[in-house]
*Asks:* 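Please find one structure pasted underneath; my questions will follow.
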Amino acid sequence: MRIATWNVNSLNARMPRVESWLESVQPDVLCMQETKLANDAFPALTFQGLGYESFHHGQGQWNGVAILSRIGLDDPAVDFADGGDADTDARIAWATCGGVRVASAYIPNGREPGHDHYHYKLEWLARLRAHLEQSCRADDDVMVLGDFNVAPEDRDVWDIAAFEGATHVTGPERDAFTRVLDWGMVDLFRRQYPDNDGLFTFWDYQAGRFHKRQGMRIDFILATESLAGRAEFVIVDRNARKGEKPSDHAPLLADIAAA
DNA sequence: ATGGTGGACCTTCCA
């Protein structure tokens with residue numbers, strides 16, 4: 001199965017690029033983040049015409065996550081089954097696709113260390129870990145894909161000195177991310193490229209950062225070991241960050257061989 | 001020059 005994640009930064013603005021990307025790359029499953037659409041505005045029929053079932057969890061102006069699948073899409077769910085309050089934002093959607101429990105996740109940005117939104121981010125990641133403990137088994141086929149807004153190591157940003165006092169690289173954020181992994185998932189991209197630095201998934205629109213290769217690796221495909229052992233091909237499609245009206249994120253994709 | 005870009009929106013928030 002070919003599975004991908006892409007923060008599209010407004011599906012309205014990105015729909016032509018998403019359609020052409022689906023046709024050329026032919027993923028079986030695509031997790032999208034930042035659709036910025038209400039549910040009744042989600043173009044499910046267009047995706048159906050391309051052969052995909054879909055599940056969208058949106059709120060309108062901000063956030064919004066979706067899962068497209070052409071290998072089945074069952075048991076859709078949103079938010080966390082941890083007994084806590086419903087999330088105020090539309091940031092995570094779940095579905096079972098081809099026997100794999102899949103999540104499309106858009107972790108809060110955090111804005112700045114110490115900000116209310118930063119604490120919301122840390123709590124959000126803790127809730128994700130709690131949800132996995134309570135609703136999934138680490139020896140099942142589980143994948144969490146999305147924009148985590150965390151760079152796990154210094155080499156996952158172009159210049160750690162540029163992030164003094166900034167979010168995405170602080171100890172608490174990295175610890176919270178590690179806690180999700182430690183439940184029992186592997187960062188497929190890092191496993192594929194253990195020694196390569198300077199490989200990113202996001203480049204700020206500002207200051208021509210893409211062309212200066214000043215990016216961040218903040219989008220991930222996390223998979224339990226049963227799946228990770230069958231990952232054959234894990235890449236960032238940098239071409240999708242080029243050309244007319246690109247998202248500021250590139251798609252990340254992986255091929256998982258049949259068991 | 002203390003900026004830059006892009007997307008949502010109602011004049012400013014968000015990334």
Side-chain angles (χ1 to χ4, degrees), chain A residues 5-21 30-43 46 56-66 87-93 104-125 128 144-152 156-170 172-174 176-177 200-220 236-252:
Chain A
T5 181
W6 194 3
N7 180 323
V8 296
N9 185 21
S10 167
L11 190 54
N12 262 345
R14 218 64 60 212
M15 195 60 183
R17 302 231 17 176
V18 171
E19 287 185 67
S20 63
W21 190 84
L30 173 62
C31 296
M32 291 184 285
Q33 300 86 38
E34 281 206 270
T35 62
K36 299 185 179 178
L37 291 177
N39 283 333
D40 60 8
F42 185 78
T46 304
H56 180 245
H57 175 40
Q59 66 183 86
Q61 185 175 2
W62 290 311
N63 310 310
V65 287
D87 196 354
T88 53
D89 293 350
R91 293 186 177 275
I92 189 163
S104 177
Y106 176 48
I107 283 70
N109 172 285
R111 299 191 190 157
E112 58 183 88
H115 194 286
D116 282 351
H117 205 259
Y118 177 82
H119 297 297
Y120 169 53
K121 179 181 196 173
L122 298 179
E123 287 160 15
W124 202 98
L125 285 163
L128 175 57
V144 180
L145 302 89
D147 174 3
F148 282 74
N149 275 314
V150 177
D156 293 317
V157 298
W158 82 89
D159 177 10
I160 193 62
F163 288 81
E164 182 77 38
T167 55
H168 295 60
V169 299
T170 67
E173 290 167 283
R174 287 173 169 176
F177 178 74
F200 306 129
T201 63
F202 163 84
W203 299 261
D204 199 308
Y205 287 124
Q206 297 186 66
R209 297 222 185 277
F210 180 72
H211 301 287
K212 297 179 194 166
R213 300 174 181 264
Q214 295 179 340
M216 305 169 71
R217 194 173 76 89
I218 56 175
D219 300 87
F220 300 93
V236 177
D237 183 3
R238 294 179 75 259
N239 284 327
R241 183 62 179 76
K242 303 175 183 174
E244 191 145 336
K245 283 178 78 71
S247 171
D248 43 4
H249 295 252
L252 172 65

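Reminder, nothing fancy here: chain letters follow the sequence lines and each chain counts from 1.
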*Asks:* Please determine which of A:F210, A:W203, A:Y106, A:F202 meets the ring-ring contact (aromatic ring centres under 6.0 Å, His included) test together with A:H249.
*Replies:* A:F202

*Asks:* Identify, with sequence neighbours excluded, every residue that meets side-chain contact (heavy atoms from CB on, under 4.5 Å) alongside A:A90.
*Replies:*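 So A:A90 forms a side-chain contact (heavy atoms from CB on, under 4.5 Å) with A:H57, A:Q59.
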
*Asks:* Please state the C1' separation for the pair B:dA1 and B:dT11 - nearest whole angstrom.
*Replies:*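 After rounding to an integer number of Å, I get 25 Å for this pair.
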
*Asks:* Using whole Å, report how far CD of A:E244 lies from P of B:dG6.
*Replies:*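 Going from CD in A:E244 over to P in B:dG6 covers 11 Å.
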
*Asks:* Output the rounded distance in Å from CG (A:L37) to P (B:dG7).
*Replies:*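 Whole-Å distance recorded here is 14 Å.
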
*Asks:* The criterion is salt bridge (charged side-chain N to carboxylate O under 4.0 Å, His left out); which residues satisfy it with A:R174, sequence neighbours excluded?
*Replies:* A:D154

*Asks:* For A:Y205, give me all partners under ring pair (Phe, Tyr, Trp, His ring centres under 6.0 Å), at least two apart in sequence or on another chain.
*Replies:* none

*Asks:* Residues in ring pair (Phe, Tyr, Trp, His ring centres under 6.0 Å) with A:F220, at least two apart?
*Replies:* A:F148, A:F177

*Asks:* For B:dG4 and B:dA15, measure between their C1' atoms and round to the nearest Å.
*Replies:* 14 Å

*Asks:* Please list, chain by chain and in numerical order, all residues satisfying ring pair (Phe, Tyr, Trp, His ring centres under 6.0 Å) with A:W21, sequence neighbours excluded.
*Replies:*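 Partners of A:W21 by the ring pair (Phe, Tyr, Trp, His ring centres under 6.0 Å) criterion, ordered by chain and then number, come out as A:W6.
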
*Asks:* Just to be sure I understand the rule, does A:R209 reach a base, reach only the sugar-phosphate, or reach nothing, if contact means heavy atoms closer than 4.0 Å?
*Replies:*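 No contact.
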
*Asks:* Would you kindly give the CH2-to-C1' distance between A:W203 and B:dG6, to the nearest whole Å?
*Replies:*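 So the two atoms are 17 Å apart, to the nearest Å.
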
*Asks:* Treating primed atoms plus P, OP1 and OP2 as sugar-phosphate and everything else as base, which nucleotides of nucleotides 10-15 of chain B get B, S or - for protein heavy atoms under 4.0 Å?
*Replies:* ----SS

*Asks:* Take atom P in B:dC14 and the same atom in B:dC9, then report the distance between them in whole Å.
*Replies:* 14 Å

*Asks:* From CG of A:D89 over to C1' of B:dA8, roughly how many Å is that when rounded to an integer?
*Replies:* 15 Å

